[in-house]
Amino acid sequence: MEKIITRFPPSPTGYLHVGGARTALFNWLYARHMKGKFILRIEDTDIERSTRESVDAILEALEWIGIDWDEGPYFQSQRFDVYKKYAQKLLDSGQAYYCTCSREQLENMRKKAMEVGGKPKYDGTCRGKELSKTDDSVIRFKAPLVGTTVVEDVIKGNIVFQNSELDDFIIQRGDGTPTYNFAVVVDDITMGINTVIRGDDHVNNTPKQIMLFKAFGCPLPTFGHVPMVLGCDRTRLSKRHGAMSVTAYRDMGFLPDALINYLVRLGWSYGDQEFFSKDELIEKFSLENIGRSAGIFNMEKLLALNADHIKATPPGKLARHLLPFLRERNLNAEEGPYIESIIETLATRSKTLQEMAEGAMFYFQEEIEYEETAAKKFLTPSVLEPLNLLLMELNSLEHLSEKNLENAFIKIMEQTGLKLGKIAQPVRVALTGKTVSPGIFEMIHALGKKRTQARLKRAVEFITGQSDL
RNA sequence: GUCCCCAUCGUCUAGCCCGGUCCAGGACACCGGCCUUUCACGCCGGCAACAGGGGUUCAAAUCCCCUUGGGGACGCCA
């Protein structure tokens with residue numbers, strides 16, 4: 001079978017948003033699954049709106065979510081000569097013509113067409129005129145007037161368009177640059193692309209592109225149009241729906257694999273399975289299981305998936321993702337056993353890396369700051385005894401395993417007659433300053449003997465200092 | 001306005017192609033309970049959907065038609 005070649009063609013007029021990331025993912029996953037090739041192409045024929053910053057932002061986002069490409073990035077702005085050559089071919093074979101209609105004229109045509117209840121389109125004024133090139137003439141494609149064009153879509157099935165609905169669209173602007181539909185087809189032909197997976201919003205472009213493929217006598221690629229991602233108000237995703245850019249999710253503390261998992265699962269399914277690693281996605285992805293209806297972006301579910309991915313990621317690997325968030329908080333954390341044991345205590349209670357970093361702060365603070373209500377309630381003279389006993393027990397412990405710690409606490413319970421809760425909460429406040437934290441034993445284990453003892457001593461001093469007053 | 005697409009719990013979806021095993025399954029969220037030293041995790045249970053109407057058929061979430069609703073596209077943007 002022919003090698004699958006897919007592509008992702010963003011236009012650099014902004015950051016990479018989650019919708020774009022999803023179509024990139026579908027193309028990439030399909031190429032990887034089929035052991036084919038994935039090409040990155042920057043569609044910057046609109047020189048006005050394209051920026052270098054956008055290109056950089058898009059590449060950065062793709063790299064972060066782990067999408068790599070086998071070829072490119074190609075820039076359409078560097079291929080203008082190719083498009084001109086192809087436009088000339090159409091001119092030569094009589095399948096395209098120069099048009100000198102003004103923008104005002106076009107405006108009027110559209111208005112008139114709308115008035116009689118039709119679709120706004122070019123009326124073919126210059127079609128038979130055999131005009132030659134002028135300074136600002138455009139080139140139009142001579143589209144078939146009658147018949148139908150059918151899009152054989154692998155996701156939606158056959159879609160039939162009446163050619164009479166389409167018009168002689170422009171393929172080259174007055175300034176000599178190619179328009180979108182034209183550049184896409186020339187590129188897909190010259191780059192050997194045989195599988196085009198893109199957003200639903202492109203179905204109406206497809207018959208035009210098919211006409212061009214036919215005009216060039218080239219075989220059609222396989223088309224697949226994936227339903228769009230909608231905002232919570234069921235309209236096209238836009239800024240007012242909140243965070244859109246892929247890197248914004250990185251900054252909020254999402255794991256790239258969690259975002260990937262969520263985005264792919266939104267519109268694609270594999271039975272009842274919800275959790276997928278990246279490799280599993282590559283292994284199981286298929287075009288057949290892409291759904292036909294639009295999906296709504298749901299933050300809650302993304303959060304839940306992120307929590308699952310956090311739990312499933314080994315601490316060492318998680319550490320590398322977490323470190324930037326720690327440094328953001330001016331904590332001097334580094335890779336190593338300490339951060340890994342910290343992560344082990346936090347993984348089950350963090351939905352995002354931001355949350356985890358927040359929860360990890362007390363591990364790095366030299367001087368614990370007690371929450372007022374917590375200190376008032378739990379750091380009282382009556383807990384001096386168990387606190388001191390714990391200090392002693394820790395002295396005699398070789399290994400702070402959770403088992404050993406549990407035994408130590410049991411011993412103290414027996415000696416003081418206090419219930420575990422009565423001992424654990426004060427210790428918790430002493431170690432973290434708060435009443436909410438990871439489990440006592442795992443936390444002491446992570447903290448280590450020195451830090452734990454220092455904090456306990458400080459709490460004892462705090463209590464005696466208070467009661468002296 | 002015209003054209004195109006879509007339609008199962010609030011949301012993501014399984015089931016639909018190859019009608020019966022579906023008084024519709026899973027997940028998120030939500031609500032209970034269990035576990036428990038706090039918060040979580042985990043476990044158990046609950047709530048909750050085939051848009052409406054016509055056909056076809058012994059039988060329809062599944063096939064056909066219409067209606068309604070939603071989305072998208074109609075640029076010398078992509």
Side-chain angles (χ1 to χ4, degrees), chain A residues 9-13 43-46 48-50 76 99 101 103 106-107 110 113-121 136-140 151 153 155-157 159-162 164-167 169-175 177-181 183-184 199-207 225 227-228 230 232 234-236 262 265-275 288-289 291-305 307-308 311 345-351 359 374 378 409 419-429 432 434-441:
Chain A
S11 80
T13 54
E43 309 219 325
D44 56 352
T45 56
D46 186 343
E48 294 284 300
R49 302 199 306 156
S50 301
Q76 290 187 326
C99 166
C101 293
R103 298 184 194 241
L106 299 176
E107 193 63 34
R110 288 190 200 107
M114 288 273 251
E115 273 162 22
V116 296
K119 196 185 259 187
K121 55 181 197 177
D136 53 2
S137 60
V138 302
I139 300 177
R140 284 184 184 275
V151 179
D153 192 296
I155 295 167
K156 294 176 179 294
I159 306 170
V160 181
F161 290 87
Q162 295 298 323
S164 57
E165 287 292 329
L166 276 13
D167 66 352
F169 54 95
I170 293 172
I171 58 175
Q172 191 179 99
R173 303 186 185 101
D175 65 2
T177 60
T179 57
Y180 165 73
N181 283 121
V184 163
D200 226 350
D201 48 337
H202 282 290
V203 280
N204 293 288
N205 288 321
T206 310
H225 290 92
M228 320 236 323
L230 271 24
C232 46
R234 298 187 165 278
T235 63
R236 219 195 147 119
Y262 176 72
R265 211 20 265 280
L266 178 56
W268 172 85
S269 61
Y270 188 79
D272 284 338
Q273 188 172 342
E274 301 282 351
F275 184 98
E288 296 80 64
N289 292 319
R292 294 137 300 252
S293 52
I296 295 172
F297 192 90
N298 182 246
M299 192 63 137
E300 296 291 328
K301 189 138 186 181
L302 208 209
L303 274 168
L305 258 182
D308 289 343
K311 273 175 238 154
T345 71
L346 258 18
T348 59
R349 57 201 94 222
S350 310
K351 283 194 184 339
F378 295 110
F409 270 77
K419 283 192 189 167
L420 184 52
K422 290 288 178 196
I423 306 170
Q425 274 311 72
V427 171
R428 187 186 311 284
V429 177
T432 72
K434 299 189 259 293
T435 52
V436 172
S437 83
I440 280 288
F441 306 139

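Each chain gets a letter, A, B and so on, in the order its sequence line appears, and its residues count up from 1. As the structure is a computational prediction, the values presented were derived from the model and not from experiment. The figures here come from the full heavy-atom set of this structure, side chains too, leaving out hydrogens, waters and symmetry mates.
Closest contact between the side chain of A/Ile170 and the listed nucleotides B/rA29, B/rC76, B/rU37 involves B/rC76. The side chain of A/Arg140 has B/rC76 as its nearest neighbour among B/rC3, B/rC76, B/rG75. Ranking B/rG75, B/rC39, B/rA7 by closeness to the A/Val436 side chain, first place goes to B/rC39. In the set B/rA78, B/rC5, B/rU37, B/rA78 carries the atom at the smallest distance from any side-chain atom of A/Asn205. Taking the side chain of A/Arg234 as heavy atoms from C-beta on, and the options B/rA27, B/rU38, B/rG70, the nearest nucleotide is B/rG70. Picking from B/rC39, B/rG72, B/rC4 the nucleotide with the shortest atom distance to the side chain of A/Arg349 gives B/rC39. The side chain of A/Thr348 lies closest to B/rA40, out of B/rU11, B/rC76, B/rA40.
Between A/Arg265 and B/rC28, a side-chain N or O to OP1/OP2 separation shorter than 4.0 Å is absent. At B/rA14, one or more side-chain N or O atoms of A/Ser269 fall inside 4.0 Å of OP1 or OP2 (strictly under the cut-off). In this structure, A/Ser350 does not reach the B/rA40 phosphate: none of its side-chain N or O atoms is under 4.0 Å from OP1 or OP2. Residue A/Lys119 has no polar side-chain atom (N or O) positioned under 4.0 Å from OP1 or OP2 of B/rC4. Here A/Arg236 reaches the OP1 or OP2 of B/rA73: one of its side-chain N or O atoms lies under 4.0 Å away.
Atom name P, nucleotides B/rA49 and B/rA40: the rounded distance is 30 Å, in whole Å. Spacing of P atoms, B/rG32 relative to B/rC41, comes out at 15 Å, to the nearest Å. Across the P atoms, B/rA27 and B/rC64 are found 32 Å apart, a figure rounded to whole Å. Here, B/rG55 and B/rA61 have their P atoms 15 Å apart, quoted to the whole Å. A gap of 28 Å separates the C1' atoms of B/rC66 and B/rU13, to the nearest Å. A gap of 11 Å separates the P atoms of B/rC47 and B/rG25, to the nearest Å. Taking atom P in both B/rG1 and B/rU62, the straight-line distance is 30 Å, to the nearest Å. Taking atom C1' in both B/rC63 and B/rC17, the straight-line distance is 10 Å, to the nearest Å.
Rounded to a whole Å, the CD atom of A/Gln172 is 17 Å from the C1' atom of B/rG75. A straight line from CZ of A/Arg49 to P of B/rG75 spans 14 Å, rounded to a whole angstrom. Separating the CG atom of A/Leu302 from the C1' atom of B/rA27 is a distance of 14 Å, rounded to the nearest angstrom. Put simply, OH on A/Tyr180 is 14 Å from C1' on B/rG75, counting in whole angstrom units. Protein atom CE of A/Met299 is 14 Å distant from nucleotide atom C1' of B/rC28, rounded to whole Å. When rounded to the nearest whole Å, the span between CG of A/Asp167 and P of B/rC76 equals 9 Å. Between the P atom of B/rC6 and the CD1 atom of A/Ile296 lies a distance of 17 Å, rounded to the nearest Å. As a whole-Å value, the separation of A/Met228 CE from B/rG72 C1' is 6 Å.
Under the 3.5 Å distance criterion, with hydrogens and angles disregarded, a donor-acceptor pair is assigned to the side chains of A/Arg428 and A/Ser437. Under 3.5 Å, the side chains of A/Thr179 and A/Asn181 contain no donor-acceptor pair of N or O atoms.
Evaluation of atom-type donor-acceptor distances gives no pair under 3.5 Å for the side chain of A/Asn298 against the base of B/rA29. Judged by distance alone with a 3.5 Å cut-off, a donor-acceptor contact links the side chain of A/Glu274 to the base of B/rG26. Looking at A/Lys301, its side chain comes within 3.5 Å of the base of B/rA27 through a donor and an acceptor atom. A donor-acceptor contact under 3.5 angstrom links the side-chain atoms of A/Asp272 to the base of B/rG25.
A 3.5 Å limit on both hydrogen-bonding distances identifies B/rC74 as the Watson-Crick or G-U partner of B/rG1. Pairing for B/rA14 is absent, with no Watson-Crick or G-U wobble pair whose two atom distances lie under 3.5 Å. Base pairing of B/rU68: its partner is B/rA7, meeting the Watson-Crick or G-U wobble criterion (both donor-acceptor distances under 3.5 Å). Applying the Watson-Crick and G-U wobble criteria (two distances, each under 3.5 Å), B/rC58 pairs with B/rG20. Of the nucleotides present, B/rG33 is the one that pairs with B/rC43 by Watson-Crick or G-U wobble criteria, both distances under 3.5 Å.
A glycosidic torsion no more than 90° from 0 defines the syn conformation; B/rC47 lies beyond that range and is anti.
Taken to the nearest 0.5 Å, the CG atom of A/Leu230 stands 6.5 Å off from the OG1 atom of A/Thr235.
Looking only at distances, no side-chain donor or acceptor of A/Arg265 sits under 3.5 Å from a matching main-chain atom of A/Phe275. Side-chain atoms of A/Arg349 come within 3.5 Å of backbone N or O of A/Thr345 as a donor-acceptor pair.
At the heavy-atom level, A/Leu420 lies under 4.0 Å from base atoms of the strands shown. Counting non-hydrogen atoms under 4.0 angstrom, A/His202 reaches a base of the nucleic acid.
More than 12 heavy atoms of other residues, nucleotides or ligands shown are found within 6.0 angstrom of NZ on A/Lys121.
When each of A/Lys156 and A/Ala304 is assigned the nucleotide of RNA chain B with its nearest heavy atom, A/Lys156 is the one assigned upstream, toward the 5' end. With RNA chain B read from its 5' end, the first of the two nearest nucleotides for A/Arg110 and A/Leu230 is the one closest to A/Leu230.
The nearest pair of heavy atoms linking A/Pro426 to A/Phe378 is CB-O, 3.6 Å. Scanning both residues, A/Gln76 and A/Val184, for their nearest heavy atoms gives NE2-N, 4.2 Å.
With respect to A/Asp167 and A/Lys119, no salt bridge is recorded, no charged nitrogen being found less than 4.0 Å from a carboxylate O.
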